[in-house]
Number of protein chains: 4
Amino acid sequence: MFIVIDENDRRPIYQQVVDEIKGLIARGVLREGAALPPVRQVAADLGVNLNTIATAYRELQGEGLINIRHGAGAVVASRTASEKTDDELRKPLRAALTQLALAGLPRAEIMSIVTEELRGLLKGAR
Amino acid sequence: MFIVIDENDRRPIYQQVVDEIKGLIARGVLREGAALPPVRQVAADLGVNLNTIATAYRELQGEGLINIRHGAGAVVASRTASEKTDDELRKPLRAALTQLALAGLPRAEIMSIVTEELRGLLKGAR
Amino acid sequence: MFIVIDENDRRPIYQQVVDEIKGLIARGVLREGAALPPVRQVAADLGVNLNTIATAYRELQGEGLINIRHGAGAVVASRTASEKTDDELRKPLRAALTQLALAGLPRAEIMSIVTEELRGLLKGAR
Amino acid sequence: MFIVIDENDRRPIYQQVVDEIKGLIARGVLREGAALPPVRQVAADLGVNLNTIATAYRELQGEGLINIRHGAGAVVASRTASEKTDDELRKPLRAALTQLALAGLPRAEIMSIVTEELRGLLKGAR
DNA sequence: GTGGTCTAGACCACG
DNA sequence: GTGGTCTAGACCACC
């Protein structure tokens with residue numbers, strides 16, 4: 001599994017793990033029904049506490065993205081339309097775009113960056 | 001000053017204030033050299049602790065966006081090329097785009113949303 | 001046997017099996033003295049581990065609802081007055097009703113739902 | 001605060017706390033905007049670890065029932081219609097009613113118990 | 001003062 | 001083997 005955590009990232013580790021796994025699912029690296037690695041293995045790989053990963057998995061289960069079967073591992077849930085409100089989705093986007101604008105990038109360049117990131121994100125995804 | 005804070009927002013209040021002010025600067029509402037309102041006034045307006053606003057101003061100063069002159073208020077700094085690494089700018093963008101993709105939005109719709117947000121963001125900006 | 005298990009159900013599989021069988025007994029589908037299908041058959045039908053079903057049967061035996069005769073299968077026990085304390089029966093009910101109330105349902109609607117569920121539950125029961 | 005945990009309850013402590021607080025909100029004991037006691041105080045009162053209560057609060061925040069303001073305590077959120085699916089609400093009810101039926105209670109008595117519990121639940125609630 | 005996160009390690013429950 | 005929960009205690013972030 002290709003999860004990396006960043007020491008300098010302000011987000012808590014468990015949140016980084018959540019976001020990384022969301023990314024893997026979004027990109028199609030982890031597909032419906034695919035088994036996630038055991039909590040203890042991820043913890044060992046990343047050199048963090050078991051609890052930290054367990055918290056991440058619990059959060060993912062709470063969001064309906066994975067199904068945890070006690071004693072039998074966790075798998076990616078079948079995709080049901082996320083219920084996130086539009087605003088919850090746009091807010092982070094707006095924040096990110098604001099940063100780019102603040103950095104002085106002209107509109108055209110921002111669009112170009114977005115296009116590039118989207119290409120990277122959806123490459124190979126279905 | 002048109003700063004609003006959202007009770008239900010997970011970000012700490014000081015961070016919301018920071019982001020709001022960044023937005024004002026990005027949109028050109030606050031231009032180079034413009035004076036920011038006194039910490040005490042913002043705190044009173046928003047009904048939050050004075051320390052909270054002071055922390056926000058300190059953060060903005062740390063990022064080089066404003067200059068705080070002890071006893072003489074704070075002003076918007078002259079725009080110097082931001083030192084943020086490219087990656088620091090792209091990371092939040094990538095995260096936001098991932099969320100949109102996870103929600104099942106097709107690429108075209110994501111682009112449309114980005115365009116819309118950019119228009120709102122840069123409206124009236126210099 | 002008409003047992004179904006739900007991937008997305010948070011309850012452990014063995015508990016789902018226990019509850020399903022309780023339902024069958026409550027509705028009279030399985031009557032006193034009726035033989036339960038062999039553990040191995042249920043396990044095969046559901047595609048789960050044999051141990052999981054064995055645990056369910058053990059639990060049912062522990063509650064006095066079935067009699068397991070080593071080497072000779074399991075049968076529904078004769079109905080003896082349950083020893084569950086009143087509180088043990090009311091607690092889950094109270095919890096379920098609390099959820100409905102929290103969802104904002106008016107009292108009348110809750111009663112209507114209860115009536116409906118009871119009708120479904122006892123249909124065809126003895 | 002009137003939270004009690006039951007040693008013999010199968011649910012984890014943090015879940016019991018979540019359910020207790022939900023009950024307090026559902027019954028109107030805790031109204032919108034009311035402050036919840038500090039995590040550490042609840043932990044001390046119940047004689048459990050701080051983390052256990054923190055987990056409960058996080059869960060409640062995740063469900064949108066409370067707003068946690070870092071450094072400034074937690075308050076009951078304004079009630080927004082819960083998004084729980086109908087099935088998620090009915091399942092526990094069905095399970096509880098099944099237990100009552102299994103205990104041999106006639107339909108009329110079950111209805112009477114439900115009415116009684118509802119009265120207790122909604123007493124004084126708005 | 002408040003809540004948040006993480007660790008190390010124990011013990012339990014499920015399959 | 002899997003995941004779940006809890007503890008004790010540390011340290012951090014926010015108001």
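Here is how names work: the chains are called A, B, and so on, in the same order as the sequence lines, proteins then strands, and each is numbered from 1. Below, all heavy atoms of this structure are taken into account, side chains as well, without hydrogens, waters or symmetry copies.
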List in chain and number order the residues that pass salt bridge (charged side-chain N to carboxylate O under 4.0 Å, His left out) with B:Asp6, two or more places apart in sequence or in another chain; answer none if no residue qualifies. A:Lys91

Has D:Gln16 got a side-chain atom pairing as donor or acceptor with D:Arg11's backbone, closer than 3.5 angstrom? yes

Could you check whether A:Arg94 pairs with A:Asp87 (Lys NZ or Arg NE/NH1/NH2 to Asp/Glu carboxylate O, under 4.0 Å)? yes

What is the distance from CD1 of D:Ile68 to P of F:dA13, rounded to the nearest Å? 18 Å

To the nearest 0.5 Å, atom CD1 of A:Ile68 lies from atom OH of A:Tyr57 at 8.5 Å

Specify the separation, in whole Å, of atom CG of A:Asn67 and atom C1' of F:dT2. 15 Å

Spacing of A:Glu59 atom CD relative to F:dG4 atom P, expressed in whole Å: 13 Å

For B:Leu36, the option from B:Asn67, B:Ile21, B:Ile25, B:Val75 that meets side-chain contact (heavy atoms from CB on, under 4.5 Å): B:Ile21

Using whole Å, report how far CD1 of A:Ile53 lies from P of F:dT2. 15 Å

Which string of ( ) [ ] | and . matches DNA chain E, if you list each base 5' to 3' and count Watson-Crick or G-U pairs only when both distances are under 3.5 Å? ||||||||||||||.

Is there a donor-acceptor pair closer than 3.5 Å between any side-chain N or O of A:Thr55 and the backbone N or O of A:Asn51? yes

Generate the contact string for nucleotides 6-15 of chain E. Rules: B means base contact, S means sugar-phosphate contact only, - means no protein heavy atom under 4.0 Å. BBBB---BBS

A:Gln99 side-chain N/O to B:Leu89 backbone N/O, donor-acceptor pair under 3.5 Å: no

Send over the distance from D:Tyr57 OH to E:dG4 P, rounded to a whole Å. 10 Å

Interatomic distance where CZ belongs to D:Arg58 and C1' belongs to E:dT5 [whole Å]: 8 Å

D:Glu32 and D:Ser78, any side-chain heavy atoms less than 4.5 Å apart: yes

